[in-house]
Amino acid sequence: MAEPDESVKIRERLLRFERESRYLRRDSDERKVLEEVFDRSTMLAVEELIARKDLSELRGVVRAGKEARVYLGEDRAAGPVAVKIYLTSASDFRKRMGYIAGDRRFGKLPAGSRETVYLWTRKEFKNLQLAQGAGIRVPAPLAFLKNILVMEYVGTPPAPAPTFSESEVGDEEYAWTFKTLDALWTRAGLVHADFSEFNIFRTESGPVLFDMGSAVLSSHPQAQEFLRRDISNMVRFFRKRGVGGNDADEWMRVILR
Ligand SMILES: Nc1ncnc2c1ncn2[C@@H]1O[C@H](COP(=O)(O)OP(=O)(O)OP(=O)(O)O)[C@@H](O)[C@H]1O
Ligand SMILES: [Mg+2]
């Protein structure tokens, strides 16, 4: 019998990680994941990233969400990296359109769901680069290919760093949050558009903002609307935690000054 090719082996390993982490509860889950996440083209892309030495190993699953799965991987120096694989299934690519159309970095809109997901992946990579260039602490973007993004691992493997939602937060985190919303807008020319306590890691060396796929340029027609929503989310979160300050209108004025 022929030796299974690399991409089949990669798929087998990823599936094993998912079983071990009990993300797959039913047979139907397993089938769905096989079809939607570990499709042949995704596995070939993983193989290609390994061939290019942007990745050398996959070690396990960190988090399985509806839209993306994040794996712990290793770079060629055996350092940990986070490998985010976006699902290519059509589920909510329509929702993503509003965060692509209107961003002048991306000309013609993609025709299908697969192309949309590839563009989304590239967009997250570019957004991370822009934010990093503006001095905002994000996971360093390392490589991307098709629906796969490789970035700095934040946390102590295999555990990711806790997010604000899982941590105690106080005045320091409050100050960081609004300084970062301001720096994104004024220095990076970006709005995150999904800024929330679930998308900020808390680490010993300070907070790290992540999940930047939805971020758009500040020239996007809805940029101010997204900014306003990001600000409101965070004002609400800190109020619930008993940390207060300006209201959303005041922060809008400060940032748009
Ligand atoms: N760079 C990273 N280092 C370590 N863990 C990460 C990294 N990026 C993401 N993760 C883990 O994966 C989870 C989901 O990542 P992310 O928010 O980027 O994806 P998502 O598509 O929004 O998923 P969800 O809908 O579950 O939030 C994070 O909460 C974190 O546990
Ligand atoms: Mg998220």
Side-chain angles (χ1 to χ4, degrees), residues 14 17-18 21-24 29 32-33 36-37 42 49 54-55 57-75 79-96 99-100 113 116-129 131-132 136-144 146-167 169 177 180 184 190-216 226 229-230 233-234 237:
L14 290 174
F17 296 148
E18 302 243 347
S21 345
R22 299 182 199 289
Y23 279 122
L24 305 175
D29 290 344
K32 204 168 140 221
V33 162
E36 295 181 352
V37 192
T42 300
L49 283 165
D54 285 324
L55 185 67
E57 272 287 0
L58 285 165
R59 291 277 180 216
V61 61
V62 179
R63 168 82 174 264
K66 283 192 306 291
E67 294 171 38
R69 298 176 117 75
V70 178
Y71 298 90
L72 168 62
E74 270 177 14
D75 64 15
V81 291
V83 183
K84 185 172 183 179
I85 304 186
Y86 278 102
L87 274 63
T88 52
S89 55
S91 60
D92 56 4
F93 85 98
R94 250 168 263 282
K95 213 173 72 198
R96 292 204 175 114
Y99 299 84
I100 295 174
S113 66
T116 307
V117 174
Y118 293 174
L119 179 57
W120 192 261
T121 309
R122 178 158 69 94
K123 184 166 175 258
E124 176 157 23
F125 185 85
K126 299 273 170 206
N127 288 336
L128 289 170
Q129 280 185 325
Q132 188 183 42
I136 296 158
R137 182 73 174 94
V138 295
L142 301 173
F144 73 95
K146 291 182 177 171
N147 52 327
I148 306 171
L149 170 65
V150 185
M151 63 188 140
E152 174 192 354
Y153 195 90
V154 182
T156 310
T163 59
F164 272 17
S165 68
E166 303 160 326
S167 319
V169 295
T177 295
T180 300
L184 266 177
L190 277 177
V191 192
H192 187 288
D194 192 19
F195 206 108
S196 81
E197 64 272 28
F198 302 102
N199 288 330
I200 307 166
F201 289 122
R202 191 176 193 283
T203 78
E204 270 169 22
S205 57
V208 180
L209 181 65
F210 67 101
D211 200 3
M212 305 265 313
S214 49
V216 298
F226 297 153
R229 193 178 62 195
D230 284 353
N233 284 344
M234 295 316 288
F237 167 69

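Order of listing sets the numbers, starting from 1, for every ligand and every atom in it.
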Open item on the list: Between Y71 and F17, is the ring centroid distance below 6.0 Å?
Closed with: no
Open item on the list: Taking 4.0 angstrom as the limit and counting only heavy atoms of P139, give me the atoms of ligand 1 inside it, by number and element.
Closed with: 1 (N)
- [ ] Identify, for atom 8 (N) of ligand 1, the protein heavy atom at the shortest distance, and state residue, atom and that distance.
- [x] M151 CE, 3.6 Å
Open item on the list: For N199, which part has a heavy atom under 4.0 Å from ligand 1: side chain, backbone, both, or neither?
Closed with: side chain
TODO: Kindly identify the option in R63, K84, E124, M212 whose heavy atom sits closest to atom 13 (C) of ligand 1.
DONE: R63
Open item on the list: Below a 4.0 angstrom heavy-atom separation, can you tell me which part of V70, side chain or backbone, both or neither, approaches ligand 1?
Closed with: side chain
Open item on the list: To check your reading of the model: name the closest protein heavy atom to atom 2 (C) of ligand 1, its residue, and the distance in Å.
Closed with: A82 CB, 3.5 Å
Open item on the list: In the structure I gave you, are the side-chain heavy atoms of T42 and I148 within less than 4.5 Å of one another anywhere?
Closed with: yes
- [ ] Determine if the distance from atom 16 (P) of ligand 1 to the closest protein heavy atom is below 4.0 Å.
- [x] yes
TODO: Could you name all protein N, O or S atoms found under 2.8 Å from the Mg ion (ligand 2)?
DONE: N199 OD1, D211 OD2
Task: Spatial distance of atom NZ (K146) from atom CD1 (I85) [nearest 0.5 Å] - done: 12.0 Å
Open item on the list: Starting from atom 3 (N) of ligand 1, what is the nearest protein heavy atom, named by residue and atom, and what distance separates them?
Closed with: V154 N, 2.9 Å
Open item on the list: Please tell me whether N199 and T163 have a donor and an acceptor in their side chains that are separated by less than 3.5 angstrom.
Closed with: no
Task: R96 and E67 ion-paired at < 4.0 Å - done: yes
TODO: Specify the protein heavy atom at minimum distance from atom 6 (C) of ligand 1: its residue, its atom name, and the distance to 0.1 Å.
DONE: F201 CZ, 3.6 Å
Open item on the list: Quick check: do T177 and F195 have side-chain heavy atoms less than 4.5 Å from each other?
Closed with: yes
Open item on the list: Do F201 and P160 have side chains that approach each other closer than 4.5 Å (heavy atoms only, starting at C-beta)?
Closed with: yes
TODO: Among L142, V83, D75, find the one that has a side chain to side chain contact (heavy atoms under 4.5 Å, CB included) with L55.
DONE: V83
Task: Sub-4.0 Å protein heavy atom near atom 20 (P) of ligand 1 - done: yes
- [ ] Would you tell me which option among F210, Y86, F198 has the nearest heavy-atom contact to atom 28 (C) of ligand 1?
- [x] F210
Open item on the list: Could you check whether any side-chain heavy atom of I100 comes within less than 4.5 Å of a side-chain heavy atom of W120, counting everything from C-beta outward?
Closed with: yes
Open item on the list: Taking the basic N atoms (NZ, or NE/NH1/NH2) and the acidic carboxylate oxygens, is any pair closer than 4.0 Å for E197 and R202?
Closed with: no
Task: For ligand 1, the portion of E152 having any non-hydrogen atom under 4.0 Å away - done: backbone
- [ ] Could you tell me the residue and atom name of the protein heavy atom closest to atom 31 (O) of ligand 1, and the distance to it rounded to 0.1 Å?
- [x] P160 CG, 3.4 Å
Task: D211 N/O under 3.5 Å from ligand 1 N/O - done: yes
TODO: For Y153, take its heavy atoms, then give the atoms of ligand 1 lying under 4.0 Å from any of them.
DONE: 3 (N), 4 (C)
Open item on the list: Check this for me, if you would: do E18 and R69 make a salt bridge, where the nitrogen-to-carboxylate-oxygen distance has to be below 4.0 angstrom?
Closed with: yes
- [ ] Report yes if some heavy atom in the side chain of F198 is under 4.5 Å from a heavy atom in the side chain of D211; otherwise report no.
- [x] no
TODO: Taking the side chain as every heavy atom from C-beta outward, state whether Y99 and F226 have any atom pair closer than 4.5 Å.
DONE: yes
